[in-house]
There are 2 protein chains.
Amino acid sequence: MRSEKNNEKSFNMELFFAALADNTRLRLLNLMQDTEVCVCYFVEVIGTNQPKISRHLAYLRKAGIVAARRDGIWAHYRIMMPKNEHAARVLRDIQEWLKTDKVMQKDRIQLAKVCCAPQPPVSIQGAPRPQIAMG
Amino acid sequence: MRSEKNNEKSFNMELFFAALADNTRLRLLNLMQDTEVCVCYFVEVIGTNQPKISRHLAYLRKAGIVAARRDGIWAHYRIMMPKNEHAARVLRDIQEWLKTDKVMQKDRIQLAKVCCAPQPPVSIQGAPRPQIAMG
DNA sequence: TTAAGACATACGCTTAAACGTATATGCAAA
DNA sequence: TTTGCATATACGTTTAAGCGTATGTCTTAA
């Protein structure tokens with residue numbers, strides 16, 4: 001996609017679909033299906049460096065697909081339904097789509113494991129647990 | 001999107017959404033809403049050079065969203081519903097979405113004008129007319 | 001068989017997306 | 001206030017998307 005200002009008047013379809021055209025971002029959305037998720041869990045489950053996750057989350061934020069909540073040193077991200085009804089419909093369809101994908105299912109199981117483990121990995125010890133890990 | 005082989009087994013979501021993340025390609029899809037359309041009409045309505053149109057149509061073809069039909073020197077493109085039910089659902093939603101967009105509506109009106117004009121522009125004289133220009 | 005037209009692709013360029021690494025920011029405990 | 005940690009952003013590099021122009025391919029008509 002070529003750069004273009006995100007006009008307030010009309011929803012930017014290009015930006016919306018560009019945000020969805022990346023496997024890491026789809027995995028992030030998948031992990032946020034049922035609840036907000038702390039950034040550190042994304043890093044743990046996706047298994048990559050933290051700046052990469054942060055950048056992709058920023059991309060989703062700028063596209064109006066997710067919202068962030070700060071809680072002290074922790075940042076929690078959640079899916080935010082676009083006001084545009086058509087975009088919202090597509091996003092809901094995508095959520096259902098992701099639920100049927102084997103790799104995405106694995107990711108959600110992995111999130112549940114990491115969150116509910118009695119002895120979490122050292123890298124995320126003390127991280128805030130999401131209320132619900134899976135649907 | 002980074003390059004990745006389009007695995008036959010699982011639908012390539014990245015490629016699918018990347019194909020939708022471009023305004024020219026969305027305009028092309030919009031013009032194919034009701035019927036197959038000859039390439040020369042795309043060039044006329046979009047108002048750009050022919051190789052650009054051809055390249056974007058090739059992109060849509062590779063993403064499995066459109067199909068081409070050769071008829072002598074003419075090439076006709078039409079929307080092809082993906083076999084993947086989720087992709088098909090999203091694509092149908094997008095078609096409805098495009099119908100509500102002012103700019104896209106203008107494009108379809110323009111297509112109708114060009115196709116039904118008693119004296120078509122010189123550049124497309126003799127071009128095969130689509131059966132239906134608008135919904 | 002040549003010529004002309006419609007369409008596809010090759011080529012070189014510009015721009016931006018995505019990456020890893022380094023660093024800045026902001027909060028919290030000591 | 002200093003230290004440590006979670007997160008965000010800056011920076012430089014690599015890769016590929018998108019573009020205009022040029023050229024190739026295929027078909028039809030002369």
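Values reported hereafter were calculated over all heavy atoms of this structure, with side chains retained and with hydrogens, waters and symmetry mates removed. Small disclaimer: the values here were computed from a predicted structure and weren't measured. A, B, ... follow the sequence lines: proteins, then strands. Residue 1 opens every chain.
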Taking the side chain of [X] as heavy atoms from C-beta outward, which of [options] is closest to it?
X       : options               : result
A:Tyr59 : C:dA18, D:dC19, D:dT7 : C:dA18
B:Ile73 : D:dT28, C:dG26, D:dA8 : D:dT28
A:Asn49 : D:dG20, C:dG20, C:dA8 : C:dG20
A:Arg25 : C:dA8, C:dA18, D:dT7  : C:dA18
A:Thr24 : C:dC7, D:dA6, C:dC19  : C:dC19
A:Asp22 : D:dG18, C:dA18, C:dA6 : C:dA18

(request) Compare all side-chain heavy atoms of B:Leu60 with those of B:Tyr77 and state whether any distance is below 4.5 angstrom. (result) no
(request) Answer yes or no: is there a side-chain heavy-atom contact under 4.5 Å between B:Met13 and A:Trp97? (result) yes
(request) Look at the side chain of A:Arg55 against the base of C:dG20 and say whether a donor-acceptor pair falls under 3.5 Å; ignore hydrogens and angles. (result) yes
(message) So for A:Gln50 and D:dA8, does any side-chain atom that can act as donor or acceptor lie under 3.5 Å from a complementary atom in the base?
(response) yes
(request) Ignoring backbone atoms, test whether B:His56 places a side-chain nitrogen or oxygen under 4.0 Å from the OP1 or OP2 oxygen of D:dC19. (result) yes
(message) For a quick test of reading the model: is some side-chain N or O of A:His76 closer than 4.0 Å to OP1 or OP2 of D:dT7?
(response) no
(request) Starting from the 5' end of DNA chain C, give me the residue, A:Ala18 or A:Pro51, whose nearest nucleotide shows up first. (result) A:Ala18
(message) Does B:Arg70 reach a base, just sugar-phosphate, or nothing at all? Heavy atoms under 4.0 Å.
(response) sugar-phosphate
(request) Would you mind classifying the nucleic acid contact of A:Phe42 as base, sugar-phosphate or nothing, using non-hydrogen atoms under 4.0 angstrom? (result) nothing
(message) Going by the rule side-chain contact (heavy atoms from CB on, under 4.5 Å), which residues pair with B:Ala18 if we only count those two or more places apart in sequence or in a different chain?
(response) A:Ala21, B:Met1, B:Tyr59
(message) For residues 91-104 of chain B, which residue pairs pass the salt bridge (Lys or Arg N to Asp or Glu O under 4.0 Å) check, not counting sequence neighbours?
(response) B:Glu96-B:Lys99
